Amino acid sequence: MISRRQLRIKALTVLYACNRKEIDDLETAEQELMLSIRKSYDLYHYLLLLIIALSDAAREKVMLSRSKRIPSPEDINPNTRFADNRVIGQLRLNEHLRRYAEATPALWSRKENISGFKSLSRYLGTLGLSWEPHQDVVRKVFSDMTGWDAYSQYMSSPDGSYRADLKFIKELVTKLLPASEDLSSSLEEQSVYWNDDLPFVAAMIKNTLGKFREHEEGRDTPLLPMFTSSDDEIFVKVLLRKAILNSEKNSALIDTHTTNWEVERIALMDKLVMQLAITELSEFPEVPVKVTLNEYIEIAKDYCTAKSSTFVNGILDKIVREMRADNSLVKSGRGLIGESGA
């Protein structure tokens, strides 16, 4: 499922577009938000397919070695451990992955209109998630993998268990793929919605792999849903909508807690991060204050300037104290965690 951290970042990205006048109404903003989330879910399936594509590359290498005119003993009896990895075998059979991949337009977005035969042809050509048009990227990632120490250790290990197969695929997904510059560049070229998604999606895939069991085919093993529950979808939609509607009010609140010097120099992204944080503090009584503050301080570290997280932390701390003083900070259920008297 898409994490709450990732949902907050998606909302921030759309809020930024609204402030840049790239999006000028609530309905379009919400459509853009949901498209961005859906594209992350596409990437989740796309990277699962990449694991299979890497195994295909290994199998092709084995076949080429065996077909040499004068094969060496190693060519005749190659190490097929990765090519025959049992977890990848389960992914090959997974019906949920197959159905999603076949039904998904891989490289299309709301901004790309079908206005003629040329665009219609391109749209039809993108039906279905597949690495077939990007075999050069598969080969580069495969080359990186075969030169990786963890791969050498896996291929030479005396432990031939299913557990060892699973452990290596998890390491591949969480360590090698996010570090691959070739993969990151390719994903950025394929979709603007995938620019920052790779680490989040890698974590989703790691969780998915934990659902596979040694003595099962994998055909019916469920993949993760887009949202943990309907609450997450409601959360991110309300977060964005209320942040847009209350933008001027929240901006004024931020200004009252900064000096004139700071107001003049505050970066737009800093202000938007704080607007979302104030919205979450106000609109979601079930979310603890500490969780909200920690989330947006971490987001500021990644999406703002080097000193932004300290600045954002200071301003939000003042705002929280004021909200508590005038009883406008209302928390209930889990949201009471950390509150005095809770």
Side-chain angles (χ1 to χ4, degrees), residues 1-3 6 36-60 82-108 126-142 144-145 148 150-151 154 162-163 165-180 182-184 186-188 190-191 193-214 216-228:
M1 69 292 289
I2 310 292
S3 69
Q6 197 173 2
S36 178
I37 294 169
R38 172 58 186 263
K39 293 300 290 184
S40 293
Y41 198 51
D42 288 351
L43 181 59
Y44 162 67
H45 292 82
Y46 199 38
L47 292 184
L48 286 170
L49 294 173
L50 176 58
I51 299 171
I52 298 173
L54 292 172
S55 177
D56 289 339
R59 291 183 174 190
E60 181 180 357
F82 178 74
D84 297 333
N85 182 287
R86 283 160 288 188
V87 178
I88 300 178
Q90 291 173 318
L91 287 174
R92 288 182 187 278
L93 295 174
N94 190 268
E95 280 295 305
H96 302 283
L97 178 57
R98 182 190 65 79
R99 286 197 297 267
Y100 191 96
E102 289 180 353
T104 302
L107 306 176
W108 206 254
T126 61
L127 288 176
L129 287 170
S130 173
W131 282 94
E132 194 59 38
H134 304 283
Q135 285 298 307
D136 58 325
V137 180
V138 175
R139 286 191 290 270
K140 289 176 181 177
V141 176
F142 181 75
D144 290 343
M145 182 186 71
W148 187 33
Y151 176 82
Y154 165 68
Y162 175 89
R163 185 176 179 179
D165 280 355
L166 179 60
K167 180 183 177 183
F168 176 73
I169 299 303
K170 285 183 177 181
E171 289 184 347
L172 171 68
V173 169
T174 58
K175 296 180 181 179
L176 185 72
L177 297 189
S180 172
D182 292 313
L183 178 60
S184 295
S186 175
L187 294 177
E188 288 177 11
Q190 291 183 54
S191 175
Y193 296 99
W194 291 345
N195 289 356
D196 301 311
D197 280 352
L198 188 50
F200 294 104
V201 173
M204 289 174 64
I205 293 176
K206 181 181 179 182
N207 290 337
T208 301
L209 294 172
K211 294 177 176 290
F212 286 86
R213 298 292 180 266
E214 181 175 1
E216 296 176 359
E217 278 189 318
R219 192 179 304 276
D220 299 317
T221 302
L223 302 185
L224 297 182
M226 191 182 312
F227 297 104
T228 306

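Remember, it's a predicted structure, so these values are computed and weren't measured experimentally. What's counted below: heavy atoms across the whole structure, side chains too, no hydrogens, waters or symmetry copies.
- With a 4.5 Å cut-off on side-chain heavy atoms, Tyr44 and Thr208 count as touching.
- Separating the CG atom in Leu54 from the CG atom in Leu177 is a distance of 7.0 Å, to the nearest 0.5 Å.
- For the pair Tyr46/Tyr41, no side-chain contact is recorded, criterion being any heavy-atom separation below 4.5 Å from C-beta on.
- To the nearest 0.5 Å, the span separating CG on Leu91 from CG on Leu209 amounts to 6.5 Å.
- One finds a salt bridge joining Asp42 and Arg38 here, because a Lys/Arg side-chain nitrogen approaches an Asp/Glu carboxylate oxygen to under 4.0 Å.
- If you take CE on Met145 and CZ on Phe82, they are separated by 3.5 Å, rounding to the nearest 0.5 Å.
- Using a 4.5 Å heavy-atom threshold, the side chains of Asp136 and His134 count as touching.
- Remark: Trp148 CH2 to Ser180 OG distance equals 11.5 Å, nearest 0.5 Å.
- When all heavy atoms of Ala202 and Thr174 are compared, the pair lying nearest together is O-CG2, 4.2 Å.
- Side-chain atoms of Leu183 and Leu50, non-hydrogen and from C-beta on, do get closer than 4.5 Å to each other.
- A 4.5 Å side-chain heavy-atom check between Phe168 and Val87 finds every atom pair outside the cut-off.
- Contact of the Lys39 side chain with the Asp197 side chain is not registered, since no non-hydrogen atoms from C-beta on lie closer than 4.5 Å.
- With sequence neighbours excluded, no residue forms a salt bridge (charged side-chain N to carboxylate O under 4.0 Å, His left out) with Arg163.
- Pairs passing the side-chain hydrogen bond (donor to acceptor under 3.5 Å, both in side chains) check and including a residue from residues 47-59, sequence neighbours excluded, read Ser55-Arg92, Asp56-Arg92.
- In terms of heavy-atom proximity, Trp194 sits nearest to Ser40 at NE1-N, 4.3 Å.
- Looking at Leu97 and Ile52, their side chains come closer than 4.5 Å, going by heavy atoms from C-beta outward.
- The distance from the CZ atom of Arg213 to the OG1 atom of Thr221 is 8.5 Å, given to the nearest 0.5 Å.
- Between Tyr193 and Ile37, the closest side-chain pair of non-hydrogen atoms is not below 4.5 Å.
- Across Leu198 and Pro178, no two heavy atoms sit closer than the pair CD2-CA, 3.6 Å.
- Interatomic distance, CG of Leu166 versus CD of Gln90, reported as 8.5 Å (0.5 Å rounding).
- By the salt bridge (charged side-chain N to carboxylate O under 4.0 Å, His left out) test, Glu217 is found to be paired with Arg219, residues two or more places apart in sequence or in another chain being considered.
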